[in-house]
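Convention: sequence-line order gives letters A, B, ...; per-chain numbering from 1.
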Protein chains: 2
Amino acid sequence: MDVENIKEIRKFNRSYTRILKLTDKYHLNTHFALLESRLFLEIDRGVNTANQLMELLQIDKGYLSRVLKRLKNDGLIDDIRGDGDRRVKTLQLTVKGEAALEEDNRRADQQIENLFARIPETELKKVIDDMKEIKDIVKKYSKE
Amino acid sequence: MDVENIKEIRKFNRSYTRILKLTDKYHLNTHFALLESRLFLEIDRGVNTANQLMELLQIDKGYLSRVLKRLKNDGLIDDIRGDGDRRVKTLQLTVKGEAALEEDNRRADQQIENLFARIPETELKKVIDDMKEIKDIVKKYSKE
DNA sequence: TAAAAAAAGTTGCTAAAGTCAACTATTATT
DNA sequence: AATAATAGTTGACTTTAGCAACTTTTTTTA
């Protein structure tokens with residue numbers, strides 16, 4: 001690939017991550033740490049066993065076990081052993097956990113709102129169309 | 001702002017960060033942790049006192065002091081007290097540090113190469129033009 | 001201009017985050 | 001039936017990070 005293209009892509013990555021504060025330690029919320037937020041999201045989506053989460057997020061299972069225990073103690077998730085394989089615990093958000101996830105989402109929306117609100121409609125449309133195009137093309141050619 | 005726009009932007013953020021592994025713990029290299037990589041980059045760019053780094057990266061100065069000490073012990077950076085304010089130490093990369101930064105950059109380039117290489121030229125051009133447009137518009141309307 | 005306040009960086013102490021290996025219980029393999 | 005593998009837990013440990021007290025030098029102020 002052309003060196004100029006690589007440079008341009010990296011430039012975009014830097015500016016975009018900086019503006020969005022994607023690498024920000026404190027993420028977008030005050031409630032939860034990055035990992036917790038991610039766990040809520042994934043459990044809600046149906047990635048709901050420790051083992052699946054471990055593989056998806058590439059984290060140590062010992063550590064994950066403790067984090068999940070803490071979330072359970074805080075009443076944010078439940079773990080139930082079903083009728084099937086009695087080694088696995090199926091995780092699910094409690095009502096409190098659902099509420100927390102929604103609050104998280106509201107904050108994330110708010111953050112986007114703050115960052116993009118100043119952009120006039122015509123230009124915002126361009127940005128969004130560009131995003132769709134990038135997303136589609138990149139996805140189309142990405143592995144598996 | 002329109003709810004649909006927010007959704008679309010967040011969708012892009014998720015897919016883009018996932019594909020690029022921007023939030024990946026191990027970043028793009030094996031040599032250094034995220035913070036170290038960032039420090040090299042910034043020192044090289046001229047953000048070369050602990051105090052400046054602390055403000056830019058929003059990290060604790062005690063912790064930073066130790067990290068810098070370690071980098072110095074590893075022969076990657078030097079700190080020199082100049083003729084001016086004798087409280088400040090000016091940081092600079094050693095030859096070894098420069099080499100490490102370059103290696104880091106090569107790896108980052110390689111990663112981009114891997115991720116985008118499958119995209120045919122015509123579509124890659126679209127992606128890059130879109131990136132430029134997004135970058136320019138977002139920058140134009142971002143605070144300060 | 002001497003005393004007080006502030007700034008740059010270091011160090012001790014602590015907590016949180018993360019890793020690794022050994023362990024229990026259950027299920028799958030031979 | 002015995003052995004190996006899998007899901008999750010626990011103990012011991014390292015790394016990462018944060019806070020406050022401290023030293024040295026510079027700036028402010030009375």
Side-chain angles (χ1 to χ4, degrees), chain A residues 21-43 46-74 76-93 97, chain B residues 21 23-43 46-74 76-93:
Chain A
K21 299 181 174 61
L22 286 174
T23 51
D24 213 349
K25 289 180 292 189
Y26 302 110
H27 210 206
L28 359 98
N29 47 69
T30 33
H31 281 175
F32 305 109
L34 266 86
L35 178 60
E36 270 97 10
S37 289
R38 188 69 193 276
L39 291 175
F40 280 110
L41 203 97
E42 298 301 344
I43 291 169
V47 184
N48 54 12
T49 71
N51 207 42
Q52 289 170 351
L53 290 167
M54 185 198 108
E55 294 205 340
L56 179 67
L57 307 178
Q58 293 291 301
I59 47 176
D60 179 74
K61 61 181 181 170
Y63 179 50
L64 177 58
S65 175
R66 277 176 251 256
V67 173
L68 291 173
K69 191 204 274 178
R70 194 176 68 230
L71 294 177
K72 190 184 172 186
N73 286 339
D74 292 347
L76 295 160
I77 61 171
D78 278 332
D79 52 354
I80 359 168
R81 261 185 230 284
D83 305 336
D85 189 332
R86 293 193 37 72
R87 287 169 303 183
V88 338
K89 286 174 157 185
T90 303
L91 306 165
Q92 59 183 33
L93 300 187
Chain B
K21 300 181 173 60
T23 51
D24 214 349
K25 289 181 291 186
Y26 302 109
H27 210 208
L28 359 99
N29 48 69
T30 32
H31 280 174
F32 305 110
L34 266 84
L35 178 59
E36 270 97 8
S37 288
R38 189 69 194 274
L39 291 174
F40 280 109
L41 203 97
E42 297 302 343
I43 291 169
V47 183
N48 55 12
T49 71
N51 206 43
Q52 288 170 351
L53 290 167
M54 184 199 108
E55 293 205 340
L56 180 67
L57 307 178
Q58 293 291 302
I59 46 176
D60 179 72
K61 61 180 181 169
Y63 180 51
L64 177 58
S65 175
R66 277 176 251 255
V67 173
L68 292 173
K69 192 205 274 180
R70 192 176 69 230
L71 294 178
K72 190 184 172 186
N73 286 339
D74 292 347
L76 295 160
I77 62 171
D78 278 332
D79 52 354
I80 357 167
R81 260 183 232 284
D83 306 336
D85 189 332
R86 292 192 38 72
R87 286 170 305 183
V88 338
K89 285 176 159 184
T90 302
L91 305 166
Q92 59 182 33
L93 300 187

Close side-chain approach of [X] and [Y], heavy atoms under 4.5 Å:
X: A:Ile43; Y: A:Ile77; value: yes
X: A:Leu53; Y: A:Asn48; value: no
X: A:Leu35; Y: A:Leu57; value: yes
X: A:Leu56; Y: A:Glu42; value: yes

Nearest-Å distance for atom pair [atom1]/[atom2], residues [X] and [N]:
X: B:Leu34; N: D:dT15; atom1: CG; atom2: P; answer: 17 Å
X: B:Ile59; N: D:dT15; atom1: CD1; atom2: P; answer: 18 Å
X: B:Leu35; N: C:dA17; atom1: CG; atom2: P; answer: 17 Å
X: B:Tyr63; N: D:dA21; atom1: OH; atom2: C1'; answer: 21 Å
X: B:Arg38; N: D:dA17; atom1: CZ; atom2: P; answer: 14 Å
X: A:Ile80; N: D:dA7; atom1: CD1; atom2: P; answer: 18 Å
X: B:Leu64; N: C:dG9; atom1: CG; atom2: P; answer: 9 Å
X: B:Glu55; N: C:dG9; atom1: CD; atom2: P; answer: 11 Å

Before giving the answer on salt bridge (Lys or Arg N to Asp or Glu O under 4.0 Å), spell out for B:Lys72 and B:Asp79 the whole-Å C-alpha distance, their side-chain angles and the decisive distance to 0.1 Å. CA-CA 8 Å; B:Lys72 190 184 172 186; B:Asp79 52 354; 2.9 Å; yes

What string of B, S and - do you get for nucleotides 21-30 of chain C, 5' to 3', if B is base contact, S is sugar-phosphate-only contact and - is no contact with any protein heavy atom under 4.0 Å? ----BBS---

Only one of A:Arg81, A:Lys89, A:Arg87 clears salt bridge (charged side-chain N to carboxylate O under 4.0 Å, His left out) with A:Asp85; which?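 Testing each of A:Arg81, A:Lys89, A:Arg87 against A:Asp85, the sole residue satisfying salt bridge (charged side-chain N to carboxylate O under 4.0 Å, His left out) is A:Arg87.
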
